[in-house]
Visitor: 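One structure is given below, represented as structure tokens, and several questions about it will come after.
Below, read A as the first sequence line, B as the second, and so on, with proteins coming before strands; counting in each chain starts at 1.
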Amino acid sequence: MSEHASENHPESAEDTAEGMSAHDIQAKWQQYWGEHETFLAGGDDDERPRKYILGMFPYPSGDLHMGHAINYLYPDIVARYWRHRGHNVLNPIGWDSFGLPAENAAIKRGADPREWTYRNIDQHKAGFRGYGMSYDWSRVLHTSDPEYYRWNQWLFLKLYERGLAYRKKSAVNWCPNDQTVLANEQVVDGRCERCGAEVVKKKLTQWYFKITDYADRLLDDLDALEGHWPHKVLQMQRNWIGRSTGADVDFRIEGRDEPVTVFSTRPDTLHGATFFVVAPDSDLAAELVAGASAEVRARFDDYLDQVQKQTEIERQSTDRPKTGVFLERYAINPVGGERMPIWAADYVLADYGHGAVMAVPAHDQRDLDFARAFGLPVKIVVDTTVTGGANEGGDLAELDPSATGTALVGNGRMVNSGEVDGLDKATAIASTIERLQAAGTGRAAKNFRLRDWLISRQRFWGTPIPMLHLQDGEVVPVPEDRLPVKLPSVEGLDLRPKGTSPLGAAESWVRTVDPVSGEPALRDPDTMDTFVDSSWYFLRFLSPNSEEFAFDPDQAKRWAPVDGYFGGVEHAILHLLYARFITKVLFDLGLIDFEEPFSNLVNQGMVIMDGAKMSKSKGNLVELSDLLGQYGADALRLGLAFAGPVEDDKEWNGVSLAGAQKFLARALRAGDETTSPVGADAAAGDAALRRITHRLLADAPGLVEQTKFNVLVARLMELVNGIRKTIDSGAGAADPAVREAAETVALMLEPIAPHTAEELWARLGHEPSVSAVPWPDADPALLVQDTVTTAVQVGGKVRATIEVPADISEADLEAVARADEKVQRALEGKEIVRVIVRAPKIVNFAVKG
RNA sequence: GCCGGCGUGGCGGAAUGGCAGACGCGGAGCACUCAAAAUGCUUUGUCGAGAGACGUGUGGGUUCGAGUCCCACCGCCGGCACCA
């Protein structure tokens, strides 16, 4: 345990009134909930409105720690809240239990990843129970169970049937440390998202999901999530999908029958295209160079070799000098007819657009850099100095890009461009596309930054891909009724990463027979990316034990989509994009009637220490079990809920669990001191305390629904302070308003500190459980005060505050304000220009002089 | 470079355009106690003895009134980036 945590008074949880420690209270109610199955979701006959609340399910690495404590607290608060609002709540938990850490741990110990995984899951389960989570424990799932991953395989087959799962040979991201391929989304700054090793490219045949077919929908449907998902996540997904619109233009190549198509967002600058560039690692480059001289071929081979040795980090570094090789071939500009030399250069990517570009050096910085490096011609076709241009009022001659090195990228008026001369950018683009279309040499087009999802992994601990390789090379699916394809035993298998799947060595598993043709066949030895597992798990919770369906469509209709989804921003693209994609596929399959999986999304912040993420490697991981032992679940829950806004990171040193304990004890004591009987008529009680109670009753639902849990806690503190004051120096402990307030504390504290709330509710003489007792409505009469404090401003500055009746008229209020001595002093020697009266809140004398 | 977000006391943070700093942490003082712990009470933005003045990154603007809306700038954080 670190020195920091010890600042939080490490003595064990405080003894509370009636001699019960926080531990006793916690144990008592956890046992009660377990015995009474308090938090099971209602069945099909439950008529209450439904809410489906979910936290992104955990990966079972090690024990639960602070990160889990905060991640899973928020959805639990919301789930518990909706029960008080009369809803049938589904709040399930499961484990994302396939993946590399289990495999790596198994390799280290020469054990089975299953042992490590399920042992950790058991620990997690115990930890969550100790933390007071209101899960429906009858719906637990683990993605590494054959009963679960069977349906990953089913999903794969569904995608395969629709042509959305396919195999291709392509340069893929390869992690040399984990010895497996990675999806684009798992490469962060050129490094493996998991282990941080520099990613290299490798040409391999792999399985892909065709997420690019859904690019438009994935992008356009984000608009409807505005206001329901964090703006940041929507923006990140938009960036990631990265749609560009422009035109495809066909270029004739000398000595080639078929034209070559390129994509451009600036077809208006076609007259300025002076050369042509192909990606060195593209098939087109290989083909073009084959027809060139031996000398060029040798130069090209050297260059390609160099390019392929680069790591992603090297390739992505900006302001790298431009390199390339002239291929001694020419393309013909379709509008001007000029011969354009064809170069191979690595600033053009093989897997974007068509792997080739028309280079317009005057108006594209990259093309200009290349032109200047190799002495290629630069032709200005947009005058950017005219109205609306980037260099408005400048002298075009002085802006010559070949001299300045700065491309003219802005809007302007077309020049040297024949028929489009004089047009502005947008009009010229439209006009050019029209002309190309008419000539049959081009058309409007769009391109996406998004690439297809590479799902093959050369690792053991994942879902086997349900495909068979026949002797003649044909690849056929395992029939649905033969699923699951179960993972073999690890016995005799070497799980160490070696570049091919360890499953390939499981001879008796790999060698099988195609049940359709009866021919001998080899199983596909790769396993699926674990993000496949998590792309639909929220549906499995709806019918977790079904052997008939991945999920029951009727149950999906009843519960889905998820009403409130909680998770870290680290999944802004990865998991959330994949889940959206699979949801749309399932919609197209007619299995669900919605196209977005998560109606509302909350990104909670992390718990950090000294400004940095807590982690095992830094040795500052605070384990949940230690904290539950020292402070108890409720103090931790309350402390975290109060620490700040949900989406902000929380500095652990600033979280005061001692303060949280103090408040909980104070709340319980308020209940213990209450002496009025159950059912006492609150109407006869102290009005001041009742107003605090009823203002909270009025505001609390909104606070929870806007996830302002820290403010809700603050308001509960105010109410408890109000009770204290009333008992000690006001109407006294027997006043029925004290009971009303204490009961309100029990009801509204329940989502945050449920054990204490149950105990308080019971000590106030009620039957358990408080967890589904409806929150009462506020009495509107108590929300309006008899007298209010009005601020009186002179020239916008507050000069006095006056007590007035709440229903005072504007005229009366102005008169009272004018009569105030301080106001008169402030008004002295000034001319009142105007008087603004907003009864009963404010009076403002606008003055002159 | 493109896109987005955020700047409030010593600290975490509150605040439908209407009394900035709720609530808490920390600090100071007091009561209870032989003493401490616990508990309770008072106080705590800055300057000023006080009246009061000044205060939400900076500079403008809109408004009777701006932390909140608009413009420009500064700083920090995040996403994308040789994507044609």
Side-chain angles (χ1 to χ4, degrees), chain A residues 8 11 14-15 188 230-244 246 262-267 269 273 277 279 315-320 322 345-349 351-360 363-367 369-370 409 447-451 569 572-573 638-639 642-645 647-651 653-656 658-660 662-663 665-666 669 702 708 710-721 724-725 728-729 789-802 822 825 832-838 841-847:
Chain A
N8 279 321
E11 69 270 15
E14 201 53 35
D15 275 3
V188 179
H231 182 73
K232 180 181 178 174
V233 174
L234 297 175
Q235 213 52 38
M236 284 169 75
Q237 292 219 355
R238 289 187 181 113
N239 278 344
W240 189 260
I241 297 167
R243 180 165 58 200
S244 303
V262 302
F263 173 74
S264 173
T265 55
R266 294 293 304 274
T269 62
V277 188
R315 198 193 63 74
Q316 286 176 5
S317 74
T318 41
D319 30 87
R320 208 156 48 94
K322 291 283 183 288
D346 68 352
Y347 81 92
V348 172
L349 308 178
D351 62 347
Y352 183 78
H354 305 281
V357 301
M358 64 177 213
V360 186
H363 306 289
D364 181 282
Q365 190 61 49
R366 296 153 300 177
D367 295 342
D369 294 342
F370 192 82
V409 294
N447 256 296
F448 297 92
R449 216 196 66 94
L450 181 71
R451 308 293 147 92
V569 74
I573 293 168
L638 185 90
F642 186 54
E647 60 276 10
D648 290 6
D649 287 346
K650 278 121 206 132
E651 177 58 49
N653 298 323
V655 177
S656 171
K662 203 165 112 180
F663 167 73
R666 214 166 134 87
R669 217 178 307 127
K708 293 183 168 185
N710 57 330
V711 183
L712 177 63
V713 172
R715 297 288 300 275
L716 281 164
M717 288 173 169
E718 277 183 318
L719 183 54
V720 170
N721 289 346
R724 186 78 265 140
K725 204 167 182 173
D728 290 347
S729 54
T789 310
T790 299
V792 184
Q793 301 179 332
V794 175
K797 292 191 200 307
V798 178
R799 296 299 173 188
T801 54
I802 51 179
K822 282 182 175 172
R825 212 185 314 148
I832 298 173
V833 182
R834 202 176 138 192
V835 185
I836 292 91
V837 184
R838 296 281 178 274
K841 290 183 111 173
I842 203 151
V843 179
N844 188 8
F845 294 97
V847 292

Visitor: Is there side-chain contact between A:Met358 and A:Ser264, with heavy atoms separated by less than 4.5 Å?
Guide: yes
Visitor: Tell me the interatomic distance from A:Asp649, atom CG, to B:rG7, atom P, rounded to whole angstroms.
Guide: 15 Å
Visitor: Applying a 3.5 Å limit to both distances, which nucleotide forms a Watson-Crick or G-U wobble pair with B:rU33?
Guide: none
Visitor: Applying a 4.0 Å non-hydrogen cut-off, can you work out what A:Arg715 is touching in the nucleic acid: base, sugar-phosphate, or nothing?
Guide: nothing
Visitor: So, under a plain 3.5 Å distance rule, would you say the side chain of A:Lys841 forms a donor-acceptor pair with the base of B:rC19?
Guide: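 There is none.
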Visitor: Using purine N1 to pyrimidine N3 plus N6-O4 or O6-N4 for Watson-Crick, or N1-O2 and O6-N3 for G-U wobble, each under 3.5 Å, what pairs with B:rG4?
Guide: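 The base-pairing partner of B:rG4, which may sit in any strand shown, is B:rC77.
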Visitor: Say whether, by atom type as modelled, one donor and one acceptor occur between the side chain of A:Arg451 and the main chain of A:Arg449 under 3.5 angstrom.
Guide: yes
Visitor: Taking only nitrogen or oxygen atoms into account, show me every contact under 3.5 Å that the protein makes with nucleotides 46-52 of chain B, one pair per line with its distance.
Guide:
{"unit_1": "B:rG52", "atom_1": "OP1", "unit_2": "A:Arg825", "atom_2": "NH1", "d": "3.4"}

Visitor: Rounded to whole angstroms, how far apart are CG on A:Leu712 and P on B:rA22?
Guide: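 So the CG-P distance, A:Leu712 to B:rA22, works out to 18 Å.
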Visitor: Which protein N or O atoms sit under 3.5 Å from an N or O of nucleotides 77-80 of chain B?
Guide:
{"unit_1": "B:rG79", "atom_1": "N3", "unit_2": "A:Asn239", "atom_2": "ND2", "d": "3.2"}
{"unit_1": "B:rC80", "atom_1": "O3'", "unit_2": "A:Arg449", "atom_2": "NH1", "d": "2.8"}

Visitor: Can you tell me if A:Arg834 touches the phosphate of B:rG65, counting only side-chain N or O atoms and a distance under 4.0 Å to OP1 or OP2?
Guide: no
Visitor: Can you tell me if A:Asn721 and A:Arg666 form a side-chain donor-acceptor pair at under 3.5 Å?
Guide: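 A:Asn721 vs A:Arg666: donor-acceptor pair found between side chains.
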